Each structure stands twice: as structure tokens, then as C-alpha cells.
Amino acid sequence: MLILHQAAHVQQWQSARRFTRHTIGFIPTMGALHEGHLALVTAALNRGDQPVVSIFVNPTQFNDASDLAKYPRTPANDAQLLIGAGADVLFLPDVPEIYPPGKDITVPFDFHPLDTVMEGRFRPGHFKGVATVVKRLLELVNPHRLYLGQKDFQQVSVIAELLRRIHSRVELVRCPTVRAADGLALSSRNQRLTPADRAAAPAIYQVLNDVKTAFLSGENADALQSRALEKLQSAGLRPEYLEIVDGRTLQPLAKLNGHPFAVACLAAWAGEVRLIDNVIIRESEGVKVGG
Ligand code: AMP
């Protein structure tokens, strides 16, 4: 596996492979890798792509300085995991490689209404930071496909919209959420959970599944939302939001009726750690990946 640290080296690698027939599958991450990330590498290999992975803890998507400072960083272990998973290239830049000093590369548009609901409401500026770094990385890596996890459902929607706005030909592939045996979605932030908070955290997935069952059976969102929030609280978690939304527009749904694409999304604090998760309630054939 080739490890590159500089943007210029990624560009050199890109131009050197101009005449190869291999397609590139790009997997952007923030490191502290786990099976969820490695599943994206496997998904790329399964489609015949050469997996290129980036690890970059992107400061512009953190709206909380202490979350950024405490974000786990394990580059040596990550590189070993990626070799084992079959990645071809690891791009490991530092901040000035992505954000050249004196140059403002912020995406000039926003993603309203996709970036103002849910995560966007609680983490102002987060998606502008995500879109900016993904756009910059796409320009450097120039992949055929971009692999993202369903775990960050709203991020997939925002990036799908980014690709539309910049008329990109990159194909977006949304991969299923990888979970621990007890249902907790794998996340780099799980490392920071105390044993008691780790024991409480599986309630998130249980509640999401209860919401899915109730909504599918025709219940109103209002009633089942307040029941779900109570359950999370009694499990010892502090929920920030639980929303049932249209999978394309991310706008709230009151009732399922004939909706082809409905998703339940939530964020909750387990002690000092903020966790997010979602389940797809219904996604009919023909609904495009990423909304
Ligand atoms: P992150 O390192 O958290 O920025 O995540 C990098 C990529 O891995 C994103 O596309 C995430 O959605 C994806 N990802 C993170 N956790 C999981 C998981 N448990 N299952 C599937 N994909 C995941």
C-alpha cells in the first residue's frame, strides 16, 4: 500500500496512472478505523475499484473544539488495518495540504434545506466543512466512485447534492451500517465511552427499530417520537433529536402513508460522547442512493 502525505504526490500518482484501466474507489475517513470503514474498502474491491482511502481529521467540520481535540488518532494501526483490507493507497495529509494557507477553498453554496435540519441544527457549519473537504479530496483523487456509510445518512444526502451542484460524474455508493453484536453502530467515538455508557448505548438501535415497527404499522410520528425519547432517557442517554424524515428531502414525515423513502435518525449523548444512528424505515425500488 502506498502512503502519501502531500497533495502534490496524490496528483503525481494520479497522472502516472492515466493510462491504466483500473477504476478508483475513494473512501474518505477521519481515521481510528474500525470494521465499518473496512467494509467500505471491501465494497470498493467487490466492484472492481482500486481503494484509495484518506485519513484526515477535518477541523472545519468540528463545531466543538474539545471534540476535535479528543478525536482519536491511531494512524499506525489504521495503516495496518488498511493493508489487511486490501487498500491500494492511503492519503494522510496534514492541515495545510488540504487547506493551503492564504487560499479560501470553502464551498461557495449551502445545501438548504438538507444542512439545516437534524445534525445541521445542532452542529452549525458542520456540513459546509464536510462538503469543502470532500470536494477538495475529490479534486485531488479524481475517483470513479465515492463510498460513504449509511451511518451518516444526512452526510450522504449532502454529498449527493454536492455532486449534483458541481456536475460531478463520480458515482456515490451508500454502504450499510456495520454494527457491534448488540446493535451499536461502530464509530470511532465509541472508544471514548465509559463501560456504563457503552452498556447504555445499544438502546439507540433498539429504539430506532421500535420506531420503525410503529411507523410501518401506521402510527403518527408525534406519539411514537415522545415515547422513543422517554425510552432513551430511561436507558441513561440524553437524546438531542429523533426525527422521522423523507429520505430525499430530510423533511419531517407525520405519517408513512404511501411514502417511498422514510428514515428515522437520531443523535444522543452517552456521557460525554455524542452518538448518531439511523434506520431506513422504507426505501422502495427506484429511489436513488443518497436521496
Ligand atoms: P468517519 O471516519 O467517521 O468520518 O467515517 C468515514 C466513513 O465511514 C463515512 O462515510 C462513514 O459514514 C463511514 N462509516 C463510519 N462508521 C460506519 C459504520 N459503522 N458502518 C458503515 N460505515 C461507517
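Whatever order the structure lists them in is the order used to number ligands and atoms, beginning at 1. Keep in mind that this is a model prediction, so the values were computed, not measured.
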Asker: Could you tell me whether Pro28 approaches ligand 1 through its side chain, its backbone, both or neither, with non-hydrogen atoms closer than 4.0 Å?
Answerer: backbone
Asker: Could you tell me if Asp49 and Tyr147 have a donor-acceptor pair between their side chains, going purely by distance under 3.5 Å?
Answerer: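 Yes.
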Asker: Note the single closest protein heavy atom to atom 3 (O) of ligand 1, along with its residue, its atom name and the distance in Å.
Answerer: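 The protein heavy atom lying closest is Tyr71 OH, 3.9 Å.
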Asker: Between ligand 1 and Leu186, is the shortest N or O to N or O distance under 3.5 Å?
Answerer: yes
Asker: Return a yes/no value for Ala185: is any of its N or O atoms, backbone included, closer than 3.5 angstrom to an N or O of ligand 1?
Answerer: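 No, since none of the N or O atoms of Ala185 sits under 3.5 Å from an N or O of ligand 1.
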Asker: Which atoms from ligand 1 have a heavy atom of Leu148 less than 4.0 Å away?
Answerer: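 Result: 10 (O).
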Asker: Taking heavy atoms and a distance under 4.0 Å, where does His37 meet ligand 1: side chain, backbone, both or neither?
Answerer: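 It is the side chain that touches ligand 1; the backbone stays farther off.
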Asker: Please report whether ligand 1 has a polar contact with Cys175, defined as an N or O pair separated by less than 3.5 Å (distance criterion only).
Answerer: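 No, Cys175 has no N/O under 3.5 Å of an N/O on ligand 1.
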Asker: Tell me which protein heavy atom sits closest to atom 4 (O) of ligand 1, plus the residue, atom name and distance to 0.1 Å.
Answerer: Met30 CG, 3.6 Å
Asker: Consider ligand 1: state whether an atom of it lies below 4.0 angstrom from any non-hydrogen atom of His34.
Answerer: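 His34: in contact with ligand 1 (<4.0 Å).
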Asker: Which heavy atom of the protein is the closest neighbour of atom 10 (O) of ligand 1, given with residue, atom name and distance?
Answerer: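 Closest protein heavy atom to atom 10 (O) of ligand 1: Gly149 N, 2.9 Å.
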Asker: Indicate the ring-plane relationship of Phe122 and Tyr241, choosing parallel, tilted or perpendicular according to the 30° and 60° boundaries.
Answerer: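 Parallel, since the angle between the ring planes stays under 30°.
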Asker: Could you verify whether a donor N or O on one side chain and an acceptor N or O on the other, from Gln80 and Asn77, lie under 3.5 Å apart?
Answerer: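 The answer is no; no qualifying pair exists.
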Asker: Please identify which atoms of ligand 1 are closer than 4.0 Å to at least one heavy atom of Leu40.
Answerer: 7 (C), 8 (O), 13 (C)
Asker: Could you tell me which atoms of ligand 1, counted from 1 in the order shown, lie closer than 4.0 angstrom to a heavy atom of Thr29?
Answerer: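 Every atom of ligand 1 under 4.0 Å from some heavy atom of Thr29: 2 (O), 6 (C).
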Asker: Checking contacts here: is it the side chain or the backbone of Pro176 that comes within 4.0 Å of ligand 1, counting heavy atoms only? Could be both or neither.
Answerer: backbone
Asker: Would you call Glu119 and Arg274 a salt bridge, using N to O less than 4.0 angstrom?
Answerer: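 Salt bridge flag = yes for Arg274 with Glu119.
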Asker: How does Ile27 reach ligand 1, by side chain, by backbone, by both or by neither, if only non-hydrogen atoms under 4.0 Å count?
Answerer: neither
Asker: For Val178, is at least one N or O under 3.5 Å away from an N or O on ligand 1?
Answerer: yes
Asker: Between Tyr71 and Phe62 (judged by ring centroids, cut-off 6.0 Å), do the two rings come close enough to count as a pair?
Answerer: yes
Asker: How far apart are the C-alpha atoms of Thr213 and Asp210, what are their side-chain angles, what is the distance that settles it, and do they pass the side chain to side chain donor-acceptor pair (under 3.5 Å) test?
Answerer: CA-CA 5 Å; Thr213 309; Asp210 292 349; 5.5 Å; no
Asker: Are any of the N/O atoms on Lys151, whether in the backbone or the side chain, positioned under 3.5 angstrom from an N/O atom of ligand 1?
Answerer: no
Asker: Going by the atom numbers of ligand 1, which of them fall below 4.0 Å from some non-hydrogen atom of Asp152?
Answerer: 11 (C), 12 (O)
Asker: Let me confirm one number: the CD1-CZ distance from Ile55 to Phe91, rounded to the nearest 0.5 Å.
Answerer: 11.5 Å
Asker: From His259 NE2 over to Leu253 CG, what is the distance, rounded to the nearest 0.5 angstrom?
Answerer: 4.5 Å
Asker: Rounded to the nearest 0.5 Å, what separates atom CG in Leu138 from atom CG in Leu146?
Answerer: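 These two atoms lie 5.5 Å from each other.
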Asker: Is Arg165 positioned over the aromatic face of Phe109, cation under 6.0 angstrom from the ring centre and no more than 45 degrees off axis?
Answerer: yes
Asker: Testing the basics here: between Val263 and Val279, what is the closest heavy-atom pair and its distance to 0.1 Å?
Answerer: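 Smallest heavy-atom distance, with atoms named: CG1-O, 3.3 Å.
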